[in-house]
Amino acid sequence: MPIDFLDELQWRGLLHQCTDEQALRAHLADPQSNPRSAYTGFDPTADSLTIGNLVPIMLLVHFARAGHTPIVVMGGGTGLIGDPSGKSAERQLQTEETVRGFVDAQRPIYENVFRGAAAYGDAQIPSPRILNNLDWLAKLGFVEVLRDVGKHFSVNMMIQKDSVRDRLHEREQGISYTEFSYMILQSYDFWRLYEHEGVTLQAGGSDQWGNIVAGADLIRRNIAAFGASEDHQPDAFGLTVPLVTKTDGGKFGKTESGAIWLTANRTSPYAYHQFWLNTSDDDVVRFLKIFTLLPKDEIDRLTDEVQTNPGAREAQKTLAHHATALLHGEDEAVACERAAKALFSGEIADLPEATLRAVLAEVPSSDHSVASLEGDGVATLDLLIETGLASSKRQAREFLAAGSISINGRKLDGEANLGSSDLLHGSLIAIRRGKKAWHLTHWS
RNA sequence: GGGCGUGUACCCAAGUGGACAAAGGGGGCAGACUGUAAAUCUGCUGGCAUCGCCUUCGGGGGUUCGAAUCCCUCCGCGCCCA
């Protein structure tokens with residue numbers, strides 16, 4: 001039994017606003033005999049996406065779970081122009097090669113999430129179709145665009161748009177004709193997909209509302225101009241997801257060390273898992289709804305757990321597991337949990353070598369000469385500096401005096417020298433400062 | 001171009017000849033407590049060294065036994081006038 005798309009979005013808090021909700025509900029009511037297609041566009045501005053981008057992807061997943069057809073449109077073309085929405089300054093134009101590289105790097109993210117969603121239990125959900133708007137935008141002729149598309153856009157309306165208006169009145173940073181035209185391109189995408197792919201719904205982040213409505217508008221005007229549609233309702237809808245916020249006012253998706261990305265080369269699965277695990281009690285239920293596919297009764301149960309037994313952090317653990325599994329796969333999620341357990345308990349000395357190496361794989365490491373362990377051995381003081389765990393001898397002494405340093409999980413009190421008897425598996429010494437800072441030393 | 005200000009450590013900010021490696025706050029790091037949370041408490045926060053030494057108060061130069069502090073000069077920033 002497929003889910004009801006709009007109901008699902010609503011209770012999950014994924015629905016920010018949409019055009020004509022009643023008509024949209026009716027439009028989507030019968031996926032069996034009338035499956036619909038929806039698309040979300042993503043402009044490639046980097047070689048990866050951040051967890052903020054995960055929200056509209058989840059929306060497409062729910063669309064698929066409801067029995068409809070999701071389409072991802074990668075902005076290989078629009079990415080060459082630059083969306084002024086939410087930007088206070090003109091963007092640096094990227095070269096075509098760069099954007100192409102970004103497109104290729106981002107493609108697996110969509111595939112991974114949908115694979116993860118299917119693995120979670122919705123085996124019937126299809127993979128999304130992934131298109132690149134460069135394929136049609138690159139072929140457009142300037143005259144053609146001005147006549148067929150531009151005629152439907154009123155400049156009076158376009159300059160009302162917040163992102164454009166701000167730039168017009170901000171004397172420091174104007175807006176180029178290029179970025180001003182962005183809305184027209186995105187609208188054309190929608191029209192194009194409506195015509196050729198039967199797409200009737202565009203979804204996106206809340207900052208995309210203006211662009212989405214403009215697209216729906218273009219479709220309506222074109223229908224009016226060229227006749228077409230058998231019924232008189234223009235079957236083009238728009239829908240946005242909310243901006244995810246944190247209760248404490250901090251920016252969602254950012255840590256001290258930077259943004260949380262959706263590819264392992266930028267944010268390791270372990271760091272990703274830790275990010276979710278550290279969600280505050282105030283946010284965890286909302287995030288469970290948005291970033292996992294857990295059913296309502298399970299989330300209700302976890303909501304109670306947060307209330308009655310917050311110390312167990314079952315909700316955070318569940319969130320971390322499912323969010324990690326969704327993106328990186330179940331195996332990675334399990335590995336992250338195992339690594340977290342070992343690293344936080346500090347009990348690593350008894351782990352088999354292969355497990356130990358796997359657990360510490362993401363920790364900074366350095367190579368040292370095993371010969372130096374002979375005789376008096378190596379002073380931990382010096383080693384702390386060599387490994388970067390302390391920035392000066394004075395600081396290293398401070399850590400040692402405070403009992404902040406552990407060697408292979410054994411707490412060190414005071415200064416000491418390390419010898420070959422401290423080697424784990426004949427070649428490794430793991431140093432830990434405080435609770436979270438680890439460093440693995442290789443000796444050979 | 002003229003006038004008045006201002007520049008201090010990661011950030012804000014006191015300090016106007018010696019007691020200044022420089023108050024206070026924030027941030028950061030560590031310790032205790034805890035739930036890898038929040039709040040709270042404690043310590044550290046230029047470097048090297050077992051009393052001590054070395055390098056720092058926008059840059060350079062000078063006065064002085066002694067300069068963040070006084071003088072000269074250059075540079076940066078802010079406000080007002082043109």
Side-chain angles (χ1 to χ4, degrees), chain A residues 51 171-172 244-258 260 267-288 291 301-324 332-348 351 359-364 376 379-407 409-417 430-440:
Chain A
I51 48 178
R171 231 188 305 167
E172 295 295 314
V244 178
T245 56
K246 289 204 299 180
T247 308
D248 68 9
K251 222 176 173 139
F252 171 71
K254 292 260 194 286
T255 65
E256 310 81 58
S257 42
I260 302 293
T267 298
S268 70
Y270 180 74
Y272 191 75
H273 182 266
Q274 286 289 310
F275 169 80
W276 293 114
L277 192 62
N278 284 320
T279 303
S280 87
D281 293 359
D282 293 334
D283 295 325
V284 69
V285 170
R286 267 167 52 239
F287 292 179
L288 277 166
F291 296 103
R301 189 186 69 75
L302 290 167
T303 307
D304 287 342
E305 283 296 318
V306 175
Q307 295 297 318
T308 57
N309 193 10
R313 294 197 305 147
E314 192 183 345
Q316 279 89 343
K317 288 174 183 167
T318 310
L319 171 64
H321 179 90
H322 282 271
T324 307
E332 278 287 3
V334 171
C336 289
E337 279 161 3
R338 200 172 56 221
K341 198 176 168 204
L343 290 179
F344 279 93
S345 69
E347 289 159 15
I348 58 159
L351 294 176
V359 163
L360 292 174
E362 287 158 7
V363 155
D376 289 344
T380 41
L381 195 66
D382 297 326
L383 200 54
L384 286 176
I385 293 170
E386 282 175 40
T387 56
L389 288 172
S391 60
S392 69
K393 287 195 176 183
R394 193 209 51 70
Q395 195 183 38
R397 283 195 192 91
E398 183 187 320
F399 290 141
L400 287 167
S404 315
I405 304 298
S406 301
I407 299 294
R410 192 188 75 246
K411 202 162 210 169
L412 222 57
D413 45 339
E415 300 185 22
N417 282 15
I431 309 170
R432 179 195 200 189
R433 186 201 76 213
K435 287 188 181 69
K436 297 183 183 177
W438 283 82
H439 188 101
L440 185 63

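Just so we're clear, the structure is a prediction, and the values are computed from it rather than from any experiment. Each chain gets a letter, A, B and so on, in the order its sequence line appears, and its residues count up from 1. Just so it is clear, the values below take in all heavy atoms, side chains as well, and ignore hydrogens, waters and symmetry mates.
- If you take atom C1' in B:U16 and the same atom in B:A67, they sit 11 Å apart, rounded to whole Å.
- Partner of A:Y272 under the side-chain contact (heavy atoms from CB on, under 4.5 Å) criterion, out of A:F275, A:W276, A:Y270: A:W276 alone.
- Contact check, A:R433 against B:C29: no side-chain N or O comes under 4.0 Å of OP1 or OP2.
- A salt bridge links A:E398 with A:R394: at least one charged nitrogen is closer than 4.0 Å to a carboxylate oxygen.
- Base pairing analysis places B:C33 opposite nothing; no Watson-Crick or G-U wobble pair with both distances below 3.5 Å involves it.
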All N/O contacts under 3.5 Å from nucleotides 51-54 of chain B to the protein, with atom names and distances to one decimal?
none

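- Note: A:R397 CZ to A:L381 CG = 5.0 Å, rounded to the nearest 0.5 Å.
- Across B:U63 and B:G78, the matching C1' atoms stand 31 Å from one another, rounded to whole Å.
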Do A:I405 and A:R432 pass the side-chain contact (heavy atoms from CB on, under 4.5 Å) test, and can you show the C-alpha distance, the side-chain angles, and the key distance before you say yes or no? CA-CA 6 Å; A:I405 304 298; A:R432 179 195 200 189; over 6 Å; no

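- From A:L319, atom CG reaches atom CG of A:L288 across 5.0 Å, with rounding to the nearest 0.5 Å.
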Does the pair A:F291 and A:F252 meet the rule for a ring pair (Phe, Tyr, Trp, His ring centres under 6.0 Å), with working shown? CA-CA 13 Å; A:F291 296 103; A:F252 171 71; 5.6 Å; yes

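- The partner of B:G7 is B:C75, judged by Watson-Crick or G-U wobble contacts that both fall below 3.5 Å.
- Taking atom CZ on A:F399 and atom P on B:C29, their separation rounds to 10 Å, with Å as the unit.
- Separation of the C1' atoms belonging to B:U56 and B:C10 is 15 Å when rounded to the nearest angstrom.
- Taking atom C1' in both B:C57 and B:C20, one finds a spacing of 10 Å when rounded to whole Å.
- Annotation: B:G18 and B:G66 have their P atoms spaced 14 Å apart (nearest Å).
- The same atom, C1', is picked in B:G31 and in B:G24; the two are 24 Å apart, to the nearest Å.
- In this structure, CD on A:E362 lies 3.5 Å from OG on A:S268, to the nearest 0.5 angstrom.
- Look at A:D304 and A:R301 and you find no salt bridge, because none of the NZ, NE, NH1 or NH2 atoms lies under 4.0 Å from a carboxylate O.
- Across B:G25 and B:A19, the matching C1' atoms stand 24 Å from one another, rounded to whole Å.
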Quick one, A:V334 with A:H321, criterion side-chain contact (heavy atoms from CB on, under 4.5 Å). Give me CA distance, side-chain angles, the key distance, then yes/no. CA-CA 8 Å; A:V334 171; A:H321 179 90; 4.2 Å; yes

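- Using a 4.0 Å heavy-atom criterion, one finds that A:K411 contacts the sugar-phosphate atoms exclusively.
- In this structure B:G1 sits in a base pair with B:C81, meeting the Watson-Crick or G-U test at under 3.5 Å.
- Applying the Watson-Crick and G-U wobble criteria (two distances, each under 3.5 Å), B:U50 pairs with nothing in any strand.
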Anything under 3.5 Å between a protein N or O and an N or O of nucleotides 35-40 of chain B, put it in a table, one pair a line.
from, atom 1, to, atom 2, distance (Å)
B:G35, O4', A:G311, O, 3.1
B:G35, O6, A:D281, OD2, 3.0
B:G35, N1, A:D281, OD1, 3.1
B:G35, N1, A:D281, OD2, 2.8
B:G35, N2, A:D281, OD1, 2.8
B:G35, N2, A:Q316, NE2, 3.4
B:U36, O2', A:N278, OD1, 3.0
B:U36, O2, A:Q274, OE1, 3.0
B:U36, N3, A:Q274, OE1, 2.9
B:U36, N3, A:Q274, NE2, 3.3
B:U36, O4, A:Q274, NE2, 3.2

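- In this structure, NE2 in A:H273 is found 14.5 Å from OG1 in A:T267, a value given to the nearest 0.5 Å.
- Base pairing of B:A67: no nucleotide in any strand meets the Watson-Crick or G-U wobble criterion (both distances under 3.5 Å).
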Once base and sugar-phosphate atoms are separated, protein heavy atoms under 4.0 Å mark nucleotides 42-49 of chain B, 5' to 3', with B, S and - as -BBS-SSS

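- One C1' atom belongs to B:C33, the other to B:A14, and the distance between them is 35 Å to the nearest Å.
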Going through the distances and angles, do A:K393 and A:I385 end up as a side-chain contact (heavy atoms from CB on, under 4.5 Å)? CA-CA 7 Å; A:K393 287 195 176 183; A:I385 293 170; 3.3 Å; yes

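- Across all strands shown, B:C44 pairs with B:G28; the Watson-Crick or G-U wobble distances both stay below 3.5 Å.
- In terms of modelled atom types and a separation under 3.5 Å, the side chain of A:Q316 and the main chain of A:N278 share no donor-acceptor contact.
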